[in-house]
There are 2 protein chains.
Amino acid sequence: MSSKALTDSTVQRLLHTAIEVFAERGFRATTVREICARANVNVASVNYYFRSKEALYSQALGLAIREANERYPIAQAQDKALPSEQRLVLFIDNFLHKLLDDSHLGYHSKLITREIAEPTNAFDEIIASAIIPQFALLEDIVRQLLGPDAGHNTVKRCLLSILGQCLVFKHSRSVVARLHPELIADESAIKQTAEHIAKFSLSALSQLSEIRRD
Amino acid sequence: MSSKALTDSTVQRLLHTAIEVFAERGFRATTVREICARANVNVASVNYYFRSKEALYSQALGLAIREANERYPIAQAQDKALPSEQRLVLFIDNFLHKLLDDSHLGYHSKLITREIAEPTNAFDEIIASAIIPQFALLEDIVRQLLGPDAGHNTVKRCLLSILGQCLVFKHSRSVVARLHPELIADESAIKQTAEHIAKFSLSALSQLSEIRRD
DNA sequence: AATCATTTTAAACACTTGTTTAATACAATC
DNA sequence: GATTGTATTAAACAAGTGTTTAAAATGATT
């Protein structure tokens, strides 16, 4: 494969279409033919440019992670000069928008959360490039909010409490859309939801930091 | 189909095997042949007893919901004589155990959360018999904890904050198992996690109830 | 024991799957 | 402009899909 493949329109179209279809249907339920039909390329192209359906999936997943991180950089929340409370608000707002962005990234986060829910061989890639950085950043923030006396497991559980509050809107989106659509109706609703999660979590964290360690 | 079908061993084996395989692979990626092989019945049985693969899925889903509700009844948390704080603890403990039970119900909750993540035609069944009752019960508890002045959207968002903290252990189980396996290692770890979620949420709710409405 | 409806079975159906092939089209280099 | 390496195409491949069929096995009723 020549080096111009990076800008090759066929390869690019295949990758981005693959992100869409794999996100919609999952790996096994996705057919190579559907990807090719949507991308307007011949069926054989998948095995010509990538070696197999699985290799295409792996590459598409990697691209999805990179593009998601480009579009929603966590730089703001990383600024250690800011007060921890504000950094938490920034993190949650960023994370929630990344999850609920339909315009461009809906497929990216869907594909990523799908891989998490049902890991394939590409799972290690996800862990290393999409999960661990987020975990580390949030852990940094939470540790500061809880104070130095907080036990290891307490910190971990608080991380998951915060992430879970965000992720529920992705994983159970169908339920939210059915029962409480107004919570994710538009940009301002998402922002309010992010503020709620931040307030909810900050209340809990401040109270936990007063009490004890484990 | 005769009425004895209810106790027919072939039908029963098909249904329970279907719960397993559909939970593992999802609807489209599941093959009728694999279900039949695991259940030790002929391939044609699916179309003989149920009319199609889709009908089998629908029936299996309904059975999963019924069995999950039987095994983890929410009766305790419904007891209005108990203080709201304790009812919340009971609810979370029950819900988390239901989600993380591997011995019998792992497949049931997996199938249910999968249907939520990727709704099929059977989605309405899930909403009505598995979601709404849980939502209503938790809403009752949360409303008492927040007081009568709490706004509608605040209540809803608090519901999702609590449910999300539990669900993350199911949806992102692969990540938790990889990065923080000790949090769900055994029965006592799960209990501690449930206690954390309850404490975390009660702290937040008590603080929110002091402040304001929306 | 014979009859009958029900259940189980192996085989086949038509269709879709990922992948391969071999022929064609294209575009740059000499 | 012929040559050569790359890209695209239609067609075919073997394996797997849900479903149907028609024959065989089963078990209860007469």
Side-chain angles (χ1 to χ4, degrees), chain A residues 1-63 111 114-115 118 120-122, chain B residues 1-63 111 114-115 118 120-122:
Chain A
M1 186 186 313
S2 79
S3 67
K4 81 171 178 196
L6 280 177
T7 59
D8 186 329
S9 144
T10 297
V11 171
Q12 287 302 98
R13 248 181 308 147
L14 267 179
L15 279 172
H16 284 110
T17 311
I19 291 177
E20 281 187 27
V21 186
F22 280 132
E24 285 178 14
R25 310 213 187 291
F27 177 74
R28 267 196 77 176
T30 291
T31 70
V32 172
R33 280 174 172 81
E34 172 156 15
I35 295 175
C36 293
R38 286 206 213 174
N40 262 314
V41 303
N42 189 273
V43 225
S45 303
V46 164
N47 298 82
Y48 179 73
Y49 285 108
F50 312 86
R51 134 187 85 74
S52 64
K53 176 190 177 187
E54 190 173 355
L56 170 61
Y57 174 81
S58 183
Q59 299 243 14
L61 185 65
L63 178 62
L111 185 57
R114 189 189 280 280
E115 172 69 25
E118 294 176 69
T120 71
N121 293 333
Chain B
M1 186 188 311
S2 79
S3 65
K4 83 171 174 194
L6 279 176
T7 58
D8 186 329
S9 143
T10 298
V11 171
Q12 287 302 98
R13 246 181 310 146
L14 268 178
L15 280 173
H16 283 110
T17 311
I19 291 177
E20 280 189 28
V21 186
F22 281 132
E24 283 178 15
R25 310 212 188 292
F27 176 74
R28 266 196 75 177
T30 291
T31 71
V32 172
R33 281 175 172 80
E34 172 156 16
I35 295 175
C36 292
R38 286 206 212 173
N40 262 315
V41 303
N42 188 273
V43 224
S45 303
V46 164
N47 298 81
Y48 179 74
Y49 285 109
F50 312 87
R51 128 188 89 74
S52 64
K53 176 190 177 185
E54 189 173 356
L56 170 60
Y57 175 81
S58 183
Q59 299 242 14
L61 185 65
L63 178 61
L111 185 58
R114 189 189 279 280
E115 172 70 25
E118 294 176 70
T120 71
N121 292 335

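Naming: A, B, ... by sequence-line order, numbering from 1 per chain.
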dG18(D) base / R33(B) side chain donor-acceptor hit below 3.5 Å: yes
Residue A44(B), side-chain heavy atoms: nucleotide from dT7(C), dA10(C), dT19(D) that is nearest: dA10(C)
Closest listed nucleotide, where the reference is the side chain of Y49(B) and the choices are dG18(D), dT19(C), dT7(C): dT7(C)
Without decimals, in angstroms, what is the distance between [X] [atom1] and [N] [atom2]?
| X | N | atom1 | atom2 | result |
| --- | --- | --- | --- | --- |
| L14(B) | dT7(C) | CG | C1' | 13 Å |
| R28(B) | dT17(C) | CZ | C1' | 10 Å |
| N47(A) | dA12(D) | CG | P | 18 Å |
| I35(A) | dT17(C) | CD1 | P | 11 Å |
| L56(A) | dT17(C) | CG | P | 15 Å |
| N42(A) | dA23(C) | CG | C1' | 13 Å |
| E34(B) | dG16(D) | CD | P | 13 Å |
| F50(B) | dT8(C) | CZ | P | 12 Å |

Gap between atom CD of E24(B) and atom CG of L111(B) - 0.5 Å precision: 11.0 Å
Nearest-0.5 Å distance, OG of residue S9(A) to CG of residue L14(A): 9.0 Å
Side-chain N,O (S45(B)) to OP1/OP2 (dT7(C)) below 4.0 Å: no
Any Y48(A) side-chain N or O less than 4.0 Å from OP1/OP2 of dT8(D): no
Flag, side chain of S52(B) to backbone of A55(B), donor-acceptor distance under 3.5 Å: yes
Parallel, tilted or perpendicular, as decided by the 30° and 60° cut-offs, for the rings of F22(B) and F27(B): parallel
